[in-house]
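Worksheet: one structure, shown below.
Below, chains carry the letters A, B, ... as their sequence lines are ordered, and counting in each starts from 1.
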There are 2 protein chains.
Amino acid sequence: MAKKKQETLSSEEKIKEAARKVFMEKGYAATRTRDIAEAAGINLALLNYYFRSKEKLFELVMQEKLSSFFGLMLPVLQDPASSLSDKIHTIADRYINMLADNPDLPLFVLNAMRNAPKKFVAMLKGADHVLHSVFARQLKEQNPDVAPEQLFINIIALCIFPFAMRPGLEVLSPEIGVQFNTLMEERKKLVPKWMKAMLKVK
Amino acid sequence: MAKKKQETLSSEEKIKEAARKVFMEKGYAATRTRDIAEAAGINLALLNYYFRSKEKLFELVMQEKLSSFFGLMLPVLQDPASSLSDKIHTIADRYINMLADNPDLPLFVLNAMRNAPKKFVAMLKGADHVLHSVFARQLKEQNPDVAPEQLFINIIALCIFPFAMRPGLEVLSPEIGVQFNTLMEERKKLVPKWMKAMLKVK
DNA sequence: AAACTTTTTAATCAAATGATTAATTTTATC
DNA sequence: GATAAAATTAATCATTTGATTAAAAAGTTT
């Protein structure tokens with residue numbers, strides 16, 4: 001069972017796990033350190049014993065989440081060996097897979113970027129060359145008439161936004177809610193096709 | 001001057017204005033009623049005098065924002081007189097215009113939908129027929145091979161997501177930051193073209 | 001097993017926070 | 001201009017919340 005594993009985790013790791021869960025679900029401000037302690041099944045004081053403060057613990061989680069979020073994209077953008085089509089396919093496939101398992105990640109990352117742009121800058125030092133990446137160059141080669149930024153925004157938007165707006169979609173159309181996973185699965189093939197079609201637009 | 005107008009606002013209206021501003025910038029949990037009182041230039045007790053509680057005031061603002069956010073889209077989706085192409089053009093144009101003036105709106109709405117799906121359901125009662133709208137029917141007519149939900153998601157994603165991810169974009173590529181407004185202006189024409197191209201994808 | 005270190009706990013603190021109260025000032029009504 | 005109603009204020013409450021402390025328990029070393 002999953003329980004067995006949890007029980008054998010160290011207190012430090014139990015707190016981290018709980019912090020990931022609660023911070024992702026409620027965000028920094030709405031999270032109480034007591035929520036985390038309770039979810040972890042540990043004494044509140046242990047949180048400060050291991051992590052000094054709520055903020056430090058949050059930064060740890062944020063660092064992790066930003067890494068897994070951008071780590072999935074950045075190496076692909078810079079890969080000189082793969083074609084543009086390959087890159088688009090890989091990005092769509094990876095993001096849709098990952099977000100199916102981490103539905104709260106997009107909103108968490110968007111909020112983190114908005115609320116702490118400075119820390120965020122520091123974290124992504126060295127990753128700030130999207131515009132001069134191999135990916136951008138390949139986009140430009142394929143379609144010199146549209147700014148590569150536009151198409152970069154598009155692939156990210158098409159892959160990630162559906163997950164961010166899922167709760168809204170479920171209200172606007174309950175049917176979408178029940179078939180959401182299927183729709184996202186379809187998107188793995190559709191996004192590359194759509195991108196290909198958009199690349200032809202002048 | 002803009003000041004003149006503000007000074008003549010009633011206390012009630014000053015509080016609402018300040019609440020809009022602070023809630024939009026920081027979200028519900030991170031906002032202190034004292035922040036709002038200070039921004040409004042009124043005594044803290046007046047907030048409760050006019051609005052009973054922080055939560056009631058927030059719901060008022062949320063109601064307003066959701067209305068302006070969805071009110072822009074829903075009538076278009078149901079318009080039997082306009083063509084599919086017209087609808088797409090109208091939606092892109094309106095959203096990009098509106099979000100240029102309200103950059104925090106997307107994240108605010110996404111968070112509101114995620115955090116209070118129940119209240120959100122109540123608010124949008126009667127607007128829950130995206131899938132059976134004229135727009136959805138027109139999409140289906142134009143391309144029976146792709147679920148209309150997919151293309152509905154796409155136009156929303158292409159228009160709204162760039163604003164939600166703007167802080168991230170500015171870090172990933174400072175150049176995008178400076179030319180953001182220009183890029184969004186270009187998108188008014190590009191989004192309809194892209195949608196047209198995507199509609200042909202089987 | 002004594003001495004020492006690390007981990008864990010219960011109790012508590014100080015500051016922050018949403019809300020209320022009672023008094024005062026301003027505005028409207030007669 | 002007196003009287004009542006509405007608006008505003010300063011002071012205060014009760015809780016919540018992040019964090020600390022001092023003591024106890026568990027684990028390690030010699």
D:dT17 phosphate, OP1 or OP2, under 4.0 Å from A:Arg32 side-chain N/O: yes
Touch class at under 4.0 angstrom, heavy-atom based, for B:Leu44 against every strand present: base
Approximate separation, where rounding is to 0.5 Å, of B:Ile15 CD1 and B:Ser10 OG: 8.5 Å
Interatomic distance where CD belongs to A:Glu13 and C1' belongs to C:dT7 [whole Å]: 16 Å
N/O (side chain, A:Tyr49) to phosphate O (OP1/OP2, C:dT7) under 4.0 Å: yes
Criterion side chain to side chain donor-acceptor pair (under 3.5 Å) on B:Lys87 and B:Ser82, from CA distance to verdict: CA-CA 6 Å; B:Lys87 287 187 175 59; B:Ser82 64; 2.9 Å; yes
Nearest-nucleotide pick for B:Leu46, side chain only, options being D:dT9, C:dT8, C:dG18: D:dT9
Integer-rounded Å distance: D:dG18 C1' and A:Glu55 CD: 12 Å
Spacing between A:Ile15 atom CD1 and D:dA19 atom C1', to the nearest angstrom: 14 Å
Nearest-angstrom distance from the residue atom CZ of B:Phe23 to P of C:dG18: 9 Å
Nearest-0.5 Å distance that lies between atom CE in B:Met24 and atom CE in B:Met62: 13.0 Å
Atom-to-atom span, CZ of B:Arg52 to C1' of C:dT20 - whole angstrom: 11 Å
SB check B:Arg20 B:Glu17 (cutoff 4.0 Å): yes
Spacing of A:Asn48 atom CG relative to C:dT7 atom P, expressed in whole Å: 15 Å
Touch class at under 4.0 angstrom, heavy-atom based, for A:Phe51 against every strand present: nothing
Nearest-0.5 Å distance that lies between atom NZ in A:Lys54 and atom CZ in A:Phe23: 6.0 Å
Nearest-neighbour nucleotide for the B:Ala45 side chain, D:dT20, D:dA10, C:dT17 considered: D:dA10
Under 4.0 angstrom between B:Tyr50 side-chain N/O and D:dA6 OP1 or OP2: no
Length of the CG-C1' vector between B:Leu47 and D:dA7, whole Å: 15 Å
Phosphate OP1/OP2 of D:dT8 contacted by B:Asn43 side-chain N/O (<4.0 Å): no
Rounded distance in Å - NZ (A:Lys54) to C1' (C:dA15): 14 Å
Contact under 4.0 Å: B:Thr33 side-chain N or O vs C:dG18 OP1/OP2: yes
